[in-house]
Asks: 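Take this structure first; my questions come after.
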Amino acid sequence: HSIDNVKEWIDKCKQDFPSELMRDFVHFHFSEVEMTTFNGRACTMYKKLPNICPDLIYLDGPDQFNTMGEIRGISTAQPDRLPISADILLFEPFLLPRTLIVIDGRTANARFLKNNLQGNWEYNHFTKEDIHTFELIERPLGKLNEKQLRFCLGNTWAGLKEP
């Protein structure tokens, strides 16, 4: 699933996928982005998110200049602001153990998430590559989740003990 607030980017990405692959495995979603707040701090959120439970989140959007509204005069839709997306914080309680978040650049956004995520997230910043990662290090939610983790990560993963 990929969500974007610029229809032209969605159209361009669709052209790069063979139709069979797109139809079966890749889903593109368009949503407008609006200024809002999270914990009293100005940020952006998509108006509509796909109703999914991702185990990998790649954050490299939304386009900060295509944001609707403002919060007390603050908007990301101008060059002096930085993009701060808070959508992950909205659905964090639904994420499963070992969910991986990868952020391409966007250091200010990564710091915002680091300061607001509530689970036991292992954070890394690869400064040379300008990439941030967060991994949710928590015990399995139950037997089915443990089986899923063993299937995806193998029998030797170190996730069965409390962090």
Side-chain angles (χ1 to χ4, degrees), residues 1-6 9-10 13 25-64 66-72 74-77 81-126 130-163:
H1 294 265
S2 176
I3 184 169
D4 207 303
N5 65 328
V6 178
W9 279 113
I10 293 173
C13 289
F25 299 107
V26 180
H27 306 278
F28 293 96
H29 306 271
F30 171 79
S31 175
E32 294 175 331
V33 172
E34 61 187 351
M35 290 298 302
T36 188
T37 59
F38 188 89
N39 282 342
R41 307 265 174 123
C43 58
T44 65
M45 283 194 186
Y46 287 101
K47 282 184 147 186
K48 184 170 173 67
L49 295 169
N51 193 18
I52 59 172
C53 185
D55 55 9
L56 170 65
I57 301 168
Y58 182 81
L59 176 62
D60 189 27
D63 177 353
Q64 80 181 73
N66 195 11
T67 301
M68 299 171 41
E70 60 181 43
I71 299 296
R72 298 176 60 187
I74 296 173
S75 171
T76 64
R81 296 283 180 218
L82 300 168
I84 304 290
S85 175
D87 299 283
I88 293 169
L89 301 171
L90 180 67
F91 57 79
E92 179 191 8
F94 297 99
L95 297 176
L96 300 176
R98 305 309 273 212
T99 295
L100 180 64
I101 301 170
V102 179
I103 303 175
D104 190 356
R106 295 179 177 249
T107 298
N109 203 151
R111 290 176 181 168
F112 181 82
L113 291 175
K114 184 179 178 193
N115 290 329
N116 286 284
L117 288 166
Q118 295 181 3
N120 186 33
W121 292 89
E122 182 178 291
Y123 168 74
N124 289 291
H125 181 195
F126 302 95
D130 197 18
I131 291 177
H132 305 261
T133 62
F134 294 83
E135 186 174 7
L136 185 54
I137 308 296
E138 294 182 349
R139 292 178 51 83
L141 299 174
K143 290 181 180 183
L144 289 177
N145 183 228
E146 182 179 336
K147 286 181 181 183
Q148 175 191 24
L149 290 169
R150 288 191 186 281
F151 176 79
C152 293
L153 302 173
N155 288 326
T156 59
W157 67 281
L160 296 179
K161 297 179 183 177
E162 283 291 338

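These numbers come from the heavy atoms of this one structure, side chains and all, not from hydrogens, waters or symmetry mates.
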Asks: Do Phe134 and Lys114 have side chains that approach each other closer than 4.5 Å (heavy atoms only, starting at C-beta)?
Replies: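 Yes, at least one pair of side-chain atoms sits under 4.5 Å.
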Asks: Just verifying a value: how many Å separate Arg139 CZ and Glu146 CD, rounded to the nearest 0.5 Å?
Replies: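 So the CZ of Arg139 and the CD of Glu146 are separated by 8.0 Å.
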Asks: Is the CZ atom of Phe91 crowded by more than 12 outside heavy atoms at less than 6.0 Å?
Replies: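 Atom CZ in Phe91 is packed in, count exceeds 12.
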Asks: Donor-acceptor pair, Asp87 side chain versus Tyr46 backbone, under 3.5 Å?
Replies: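 Pair found, side chain donor or acceptor close to backbone of Tyr46.
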Asks: If you measure from CG on Leu90 to CE on Met45, what distance do you get to the nearest 0.5 Å?
Replies: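 Answer rounded to 0.5 Å: 5.0 Å.
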Asks: For Leu96, give me all partners under side-chain contact (heavy atoms from CB on, under 4.5 Å), at least two apart in sequence or on another chain.
Replies: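 Leu96 satisfies side-chain contact (heavy atoms from CB on, under 4.5 Å) with Cys53, Thr99, Leu141, Asn145, Gln148 only.
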Asks: Tell me if a side-chain donor or acceptor on Asp63 pairs with a main-chain N or O of Asn5 at a distance below 3.5 Å.
Replies: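 Here the side-chain-to-backbone pair does not exist.
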Asks: So does Val6 get a backbone contact from the side chain of Asp4, meaning a donor-acceptor N/O pair under 3.5 Å?
Replies: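 Answer holds: yes.
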Asks: To the nearest 0.5 angstrom, please state how far the CG atom of Asn116 sits from the CD atom of Glu92.
Replies: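 The distance works out to 9.5 Å.
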Asks: Does CG in Asn51 sit with more than 12 non-hydrogen atoms of other residues, nucleotides or ligands closer than 6.0 Å?
Replies: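 Open.
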Asks: Can you check whether Thr76's main-chain N or O pairs, donor with acceptor, with Gln64's side chain at less than 3.5 Å?
Replies: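 Looks like yes, one N/O pair under 3.5 Å.
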Asks: With distance as the sole criterion, is a donor-acceptor pair present between the side chains of Thr67 and Thr44 under 3.5 Å?
Replies: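 Looking only at side-chain atoms, Thr44 and Thr67 do not form any donor-acceptor pair under 3.5 Å.
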Asks: What closest approach, in Å, do Ile3 and Ser31 show between heavy atoms, and which atom pair accounts for it?
Replies: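 Scanning both residues completely, I find the closest heavy atoms to be CD1-CB, 4.0 Å.
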Asks: Please set out all donor-acceptor pairs under 3.5 angstrom arising from side-chain atoms of residues 100-113, sequence neighbours excluded.
Replies:
from   : atom 1 : to     : atom 2 : distance (Å)
Asp104 : OD2    : Tyr58  : OH     : 2.7
Arg106 : NH2    : Pro62  : O      : 3.1
Thr107 : OG1    : His132 : NE2    : 3.0
Asn109 : OD1    : Ser85  : N      : 2.7
Asn109 : ND2    : Ser85  : O      : 3.0

Asks: Distance from Ile137 atom CD1 to Glu135 atom CD, nearest 0.5 Å?
Replies: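 Here the interatomic distance stands at 4.0 Å.
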Asks: Under the side-chain contact (heavy atoms from CB on, under 4.5 Å) test, which residues partner His1, sequence neighbours left out?
Replies: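 With sequence neighbours excluded, His1 shows a side-chain contact (heavy atoms from CB on, under 4.5 Å) to His27, His29, Pro50, Ile52, given in chain and number order.
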Asks: Counting only heavy atoms from other residues, nucleotides and ligands, does the tally under 6.0 Å from CH2 of Trp9 exceed 12?
Replies: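 Count not over threshold, so no.
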Asks: What pair of heavy atoms forms the shortest contact from Pro97 to Leu149, and how long is it?
Replies: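 For Pro97 versus Leu149, the nearest heavy atoms are O-CD2, 3.5 Å.
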Asks: What's the spacing between Met35 CE and Arg81 CZ if we round to 0.5 Å?
Replies: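 Interatomic distance, Met35 CE to Arg81 CZ, rounded to 0.5 Å: 8.0 Å.
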Asks: Can you tell me how far the OG1 atom of Thr36 sits from the CD atom of Glu70, to the nearest 0.5 Å?
Replies: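 Atom-to-atom, Thr36:OG1 and Glu70:CD are 13.5 Å apart.
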Asks: Write down the atom of Pro54, the atom of Leu95, and the distance for their closest heavy-atom approach.
Replies: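 That closest heavy-atom pairing would be O-CD2, 3.7 Å.
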Asks: Do you know the tightest heavy-atom contact between Ala42 and Ile84?
Replies: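 Heavy-atom minimum between the residues: O-CG2, 4.4 Å.
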Asks: With a 6.0 Å cut-off (strictly less than), is the heavy-atom count around CG of Leu144, excluding the residue itself, greater than 12?
Replies: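 12 or below, so no.
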